[in-house]
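Quick caveat: nothing in here was measured; it's all calculated off a predicted structure. Note: hydrogens, waters and symmetry copies are ignored here, and every other heavy atom, side chains too, is used. Numbers restart at 1 for each chain; the letters A, B, ... are given by sequence-line order, proteins then strands.
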Protein chains: 2
Amino acid sequence: MKQYNRDNMADLLRGHGINPTHQRIEIAYALFSRQQHLSAEQIMATVNDRHSETSKATVYNTLKLFLDKNLIREVIVDPSKVFYDPNTQNHHHFYNTASGHLTDIDAAGISILGLPMLPEGVETEGVDIIVRIRPSERPGLV
Amino acid sequence: MKQYNRDNMADLLRGHGINPTHQRIEIAYALFSRQQHLSAEQIMATVNDRHSETSKATVYNTLKLFLDKNLIREVIVDPSKVFYDPNTQNHHHFYNTASGHLTDIDAAGISILGLPMLPEGVETEGVDIIVRIRPSERPGLV
DNA sequence: TTGAGAATTAGACACAGTCCAGATATTGAA
DNA sequence: TTCAATATCTGGACTGTGTCTAATTCTCAA
């Protein structure tokens with residue numbers, strides 16, 4: 001799926017067992033057409049850009065549904081809000097702590113050596129690597 | 001420093017350029033004597049166990065001060081609250097998503113291969129690995 | 001057309017964390 | 001010791017995410 005529009009959004013939702021309603025299509029479109037990490041508040045602002053159509057409760061309900069159906073992922077890097085990520089491929093993140101901007105790091109080609117055994121009775125749900133970055137200090141510069 | 005008590009807490013604080021007040025000593029003691037990851041709320045409850053002595057504002061101010069002086073670290077794994085970690089050595093975490101419990105993973109012996117170059121103009125602030133775990137499903141068990 | 005189940009809604013609520021202005025404690029010079 | 005300057009602490013109002021609920025609206029099969 002190269003180009004995202006509201007029609008193939010409906011197909012995408014159906015493909016994940018989600019009944020495609022107006023609001024759900026708009027929310028999915030906001031995330032997938034941008035391929036960016038957005039907070040719930042940003043999604044609501046985007047979806048209600050022209051005239052308010054979608055309530056806060058629906059935004060949160062819908063995001064929870066999408067998570068449940070593995071259509072999106074959540075990214076927890078900021079203590080004050082969750083980001084939603086339309087990329088469910090295995091990947092990691094750069095997080096710019098100054099700007100709050102997230103960038104994907106493809107997990108293909110990355111390996112982690114030396115992780116200890118898991119404690120008894122648990123299994124891995126996922127492994128996240130977060131590389132926190134900030135603008136360089138440039139000591140020589142006046 | 002093997003055993004933590006309120007006296008060597010004062011020394012620890014001074015060693016990090018922090019003026020050791022009553023409240024600060026109690027908060028540091030709560031974190032260091034347990035060597036655990038506590039939320040602000042848990043810290044406040046611990047410190048005010050017997051009789052209320054320390055206000056919410058002071059708990060938050062103090063934790064921010066400790067972070068600033070590199071006495072503790074924050075761990076961001078739960079969308080609803082921040083955990084504070086008395087271990088500032090380089091290390092990573094297991095996070096049990098069912099219980100909310102955090103366990104340290106020593107970073108010595110762990111290496112990450114294949115991370116891409118940093119974008120221009122930024123430097124690394126830190127690399128966090130979070131292994132999210134959950135109780136095993138045991139399909140055979142009745 | 002109808003009505004039952006699904007989805008959406010406004011707005012009250014919960015709760016972590018912030019902010020502020022006044023109260024209190026500490027310090028050091030005289 | 002005393003005073004004043006500074007540092008710290010405090011209650012309580014406030015903010016911003018996110019949740020909950022009861023009422024409304026939509027959808028679609030019969």
Side-chain angles (χ1 to χ4, degrees), chain A residues 6 9-10 13-14 16-31 37-48 51-69 71-85 97 100 102, chain B residues 6 9-10 13-14 16-31 37-48 51-69 71-85 97 100 102:
Chain A
R6 284 169 180 78
M9 276 305 105
L13 295 180
R14 279 190 210 95
H16 284 258
I18 299 166
N19 190 3
T21 66
H22 275 294
Q23 289 87 340
R24 288 169 181 177
I25 288 170
E26 287 304 316
I27 290 168
Y29 184 68
L31 279 162
H37 309 79
L38 300 176
S39 68
E41 193 213 348
Q42 289 173 315
I43 290 167
M44 189 157 54
T46 303
V47 162
N48 290 332
H51 33 284
S52 181
E53 289 171 324
T54 304
S55 71
K56 187 166 61 151
T58 297
V59 171
Y60 280 100
N61 288 344
T62 301
L63 290 170
K64 210 161 259 173
L65 177 69
F66 286 2
L67 285 172
D68 221 59
K69 301 292 187 178
L71 186 63
I72 62 176
R73 275 179 29 176
E74 48 183 4
V75 183
I76 300 166
V77 289
D78 181 307
S80 75
K81 58 177 152 323
V82 172
F83 288 100
Y84 296 88
D85 188 343
T97 52
L102 273 167
Chain B
R6 285 170 179 78
M9 277 304 105
L13 295 181
R14 279 189 210 96
H16 284 257
I18 299 167
N19 191 4
T21 66
H22 272 292
Q23 290 89 340
R24 289 169 181 177
I25 287 171
E26 288 303 317
I27 290 169
Y29 183 69
L31 279 163
H37 309 81
L38 300 176
S39 67
E41 193 215 347
Q42 289 173 315
I43 290 167
M44 190 157 54
T46 303
V47 162
N48 290 332
H51 34 282
S52 180
E53 288 171 323
T54 303
S55 71
K56 187 164 63 150
T58 298
V59 170
Y60 280 100
N61 288 342
T62 300
L63 289 170
K64 209 159 261 174
L65 177 69
F66 286 2
L67 285 172
D68 220 59
K69 301 290 187 178
L71 184 63
I72 62 177
R73 272 177 34 173
E74 50 184 1
V75 184
I76 300 166
V77 288
D78 181 308
S80 74
K81 57 178 153 322
V82 173
F83 288 100
Y84 295 88
D85 188 343
T97 53
L102 274 167

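- The nearest whole Å value for the distance from the CZ atom in A/R24 to the P atom in C/dT9 is 11 Å.
- Taking 4.0 Å as the cut-off between side-chain N and carboxylate O, A/E41 and A/K56 do not count as a salt-bridged pair.
- Atom pair B/Q42:CD and C/dC15:C1' shows a separation of 15 Å (rounding to whole Å applied).
- Residue A/T62 is tested with A/L67, A/I27, A/T21 for a side-chain contact (heavy atoms from CB on, under 4.5 Å); the sole match is A/I27.
- Nucleotide C/dA16 holds its C1' atom 11 Å from the NZ atom of B/K64, rounded to whole Å.
- Side-chain N/O atoms of B/Y60 include one lying less than 4.0 angstrom from OP1 or OP2 on C/dG17.
- Between the CG atom of A/L65 and the P atom of D/dT19 there is a distance of 14 Å, rounded to whole Å.
- Scanning for side-chain contact (heavy atoms from CB on, under 4.5 Å) contacts around B/T46 gives B/A30, B/R34, with sequence neighbours left out.
- By the 4.5 Å heavy-atom criterion applied to side chains, B/F83 and B/Q42 are counted as neighbours.
- Of the side-chain N and O atoms in A/Q23, none sit less than 4.0 angstrom from OP1 or OP2 of D/dC26.
- Between B/S55 and the phosphate of D/dC9, there is no side-chain N or O to OP1/OP2 separation shorter than 4.0 Å.
- Comparing B/P79 and B/A57 along DNA chain D, the residue whose closest nucleotide (by nearest heavy atom) sits nearer the 5' end is B/A57.
- Backbone-only contact: A/T54 has heavy atoms under 4.0 Å from sugar-phosphate atoms and none from a base.
- Contact annotation: A/N19 side-chain N/O to C/dA7 OP1/OP2 distance is under 4.0 Å.
- In this structure, A/E53 places its CD atom 19 Å from P of C/dA7, rounding to the nearest Å.
- The CD1 atom of A/I18 sits 18 Å away from the C1' atom of D/dT27 (whole-angstrom rounding).
- When heavy atoms are screened at a 4.0 angstrom cut-off, A/T58 is found touching base atoms of the nucleic acid.
- Here D/dT17 presents its C1' atom at 13 Å from CG of B/D78, a figure rounded to the nearest Å.
- For the atom pair A/N19 CG and A/R24 CZ, the distance stands at 6.0 Å (nearest 0.5 Å).
- Between A/T62 and B/H22, the one whose closest nucleotide on DNA chain C sits nearer the 5' end is A/T62.
- Judged by distance alone with a 3.5 Å cut-off, a donor-acceptor contact links the side chain of A/K56 to the base of D/dG18.
- Going from atom CD1 of B/I27 over to atom P of D/dC9 covers 8 Å, rounded to whole Å.
- Using a 4.0 Å cut-off, no side-chain N or O of A/S80 falls inside it from OP1 or OP2 of C/dA16.
- A residue-by-residue look at B/K81 and A/N61 shows that A/N61 has its nearest nucleotide of DNA chain C further toward the 5' end.
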